[in-house]
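Each remark here refers to the structure printed beneath this line.
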Amino acid sequence: MADIKELTVAAVIPAGGAGLRMGADRPKQFLPLAGAPLLARTVAVFAAMEEISEVVVALPAAHLDEGRRLLAGIPGLRLVTGGVTRQESVARGLAALDDRVDVVLVHDGARPLVSAELVRACIEAAAGDGAAVAAVPVADTLKRVEDGRIVATVERDGLWRAQTPQAARLSLLRRAMAAADEEGFTGTDECSLLERAGVPVTVVPGAESNLKVTRPEDMMIAEAMLGRAEPPRIGHGYDAHRFAAGRELVLGGVRIDWDLGLDGHSDADVLCHAVCDAILGALAAGDIGSHFPDSDPAYRGISSLKLLEEVAAMAGKRGWMVAGLDATVIAQAPKLAPHISAMRENLARSAGISPDRVSVKATTTEKMGFCGRGEGIAAHAVVMLDRLVKGPLLRHFYEPEGKSQK
């Protein structure tokens, strides 16, 4: 068997699909999985392996810029435009490789839980036998169905479910792809093309954990399999500021047209402050005043959204991410309903999560108490933090550049 340390190995990761079965507003490969984009988790496995010299990712044309942004922190990548089919995407990835590559791995962008050990086993098998595929034996009883009725039980002995990586000598896979293209044949995977070209393919025992994320429930399973180091944390925050003349009224980063603003050293965004305190509470890290004291001129007039960004970054550095946020603003006036959507967007952006994980509500006290008398505005916030599961090449997702912990 060839020594894989003496081989030039590359990986092609087709991620050009739309992921329609996920029912999301963007391709599944860009959805967050335990704090980092699913695709970034997949790519990081290959990029971190010293045996692999190059990783090519095929992305939809409309999402190349997003891919560049999300994968910018992972070195040694090349992005290409994917095709209409998986086969076209793989072909474009192969075309981008240097002819000196000995073995190429093809791996689904939506299989983020693949282990380096399985990747290495596929490289070794392909180096020795020419081609290999990760696969698991079929465990369930199989039925052939016609018109909704079982017509036969299929003997499962000798049946395996193909996974990825699928590995081959580059020359063999390119030859198989060219033959399929010439004959107008579209295969379901690389093995089907190699088989058609008469190339024997060795089976490498795969793993049930190497699942392909296709439906929403798969994402839940993947997050569960990544595992939590400990249970989530809950934090509560409360803040109140009195009204003051000559100040802008800022709530959730939204400037609201009103005669009075709120008094404070920063922009006095009471909603942001409550959220910051909730995150700090969940971290057991004190309160907003201990991190951003009003005696520090650096924070005079600062946007509280920036403070929230720093607090969220602080959580990331400690291994936590904001998983959910629920806040309530208490004000007799002004009416806040027209601004709620913008507040949610701002808070989500600063906390590093999607707006569908942020709730902002507004209520009055029926003219009772200091808020009811129009003396000021208060806010409550509850935050849940989830443990991050991360690796060295994913660190930039949790430690945003330029955000320091005070």
Side-chain angles (χ1 to χ4, degrees), residues 24-26 31-37 219-220 223 228 230-241 250-256 262 264 266-292 302-331 336-363 377-390 397-400 403 405:
D25 60 352
R26 52 188 158 157
L31 295 176
L33 175 61
M219 187 72 81
M220 296 167 55
E223 291 205 345
R228 285 177 172 151
E230 55 189 279
R233 291 188 176 191
I234 305 295
H236 172 262
Y238 171 79
D239 197 27
H241 286 268
V250 182
L251 293 173
V254 178
R255 284 172 167 73
I256 298 170
L262 294 173
S266 64
D267 62 1
D269 188 332
V270 67
L271 174 55
C272 280
H273 293 181
V275 173
C276 287
D277 267 348
I279 296 174
L280 292 168
L283 294 172
D287 61 17
I288 190 172
S290 63
H291 293 275
F292 312 105
I302 192 171
S303 167
S304 295
L305 288 176
K306 293 183 178 179
L307 304 185
L308 177 55
E309 287 177 7
E310 292 214 20
V311 171
M314 185 188 309
K317 290 179 180 179
R318 298 186 182 196
W320 296 91
M321 65 171 288
V322 178
L325 158 61
D326 181 26
T328 301
V329 182
I330 305 164
L336 300 180
H339 308 288
I340 294 295
S341 178
M343 292 179 190
R344 292 179 60 209
E345 292 280 348
N346 289 342
L347 294 176
R349 188 180 307 110
S350 293
I353 57 177
S354 58
D356 62 0
R357 294 193 177 200
V358 175
S359 169
V360 175
K361 305 182 295 292
T363 188
I377 295 177
H380 289 269
V382 177
V383 164
M384 184 175 80
L385 302 184
D386 256 345
R387 204 32 126 167
L388 291 168
V389 182
K390 57 186 178 180
F397 289 110
Y398 314 120
E399 299 182 8
K403 295 182 174 65
Q405 181 177 338

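Between M384 atom CE and L325 atom CG the span is 11.5 Å, to the nearest 0.5 Å. Going from atom OG of S303 over to atom CG of N346 covers 8.5 Å, rounded to the nearest 0.5 Å. Rounded to the nearest 0.5 Å, atoms SG (C276) and CG (L307) are 5.5 Å apart. With values rounded to the nearest 0.5 angstrom, K361 atom NZ is found 3.5 Å from T328 atom OG1. With values rounded to the nearest 0.5 angstrom, K306 atom NZ is found 10.0 Å from D267 atom CG. Going from atom CZ of R357 over to atom CZ of R344 covers 13.0 Å, rounded to the nearest 0.5 Å.
Proximity of a side-chain donor or acceptor of R387 to a complementary backbone N or O of G319 within less than 3.5 Å is detected. Although no hydrogens or angles enter the test, the distance criterion places a donor-acceptor pair under 3.5 Å between the side chain of D269 and the main chain of G252.
Listed by chain and residue number, H273 satisfy the ring pair (Phe, Tyr, Trp, His ring centres under 6.0 Å) test with H241 (two or more places apart in sequence, or in another chain). For S359, the side chain to side chain donor-acceptor pair (under 3.5 Å) criterion is met by D326, not counting sequence neighbours. Residues that satisfy the salt bridge (Lys or Arg N to Asp or Glu O under 4.0 Å) test with R349, not counting sequence neighbours, are absent from this structure.
Contact record, V254 with A342: CG2-CB, 3.7 Å, taken as the closest heavy-atom pair. Nearest heavy-atom pair across S350 and A312 is O-CB, 3.8 Å. Minimum interatomic distance between M343 and L251 (heavy atoms only, all atoms of both residues): CG-O, 3.5 Å. When all heavy atoms are compared, the tightest approach of D287 to S290 is O-OG, 2.7 Å. Scanning all heavy atoms of the two residues, the minimum distance from A327 to L271 falls at CB-CD1, 3.6 Å. Nearest heavy atoms, I377 versus V329: CG2-CG1, 3.7 Å.
When the options I234, D277, V311, V322 are evaluated for a side-chain contact (heavy atoms from CB on, under 4.5 Å) with V383, the one that passes is V322.
Considering only heavy atoms from C-beta on, I279 stays 4.5 Å or farther from M314 through its side chain.
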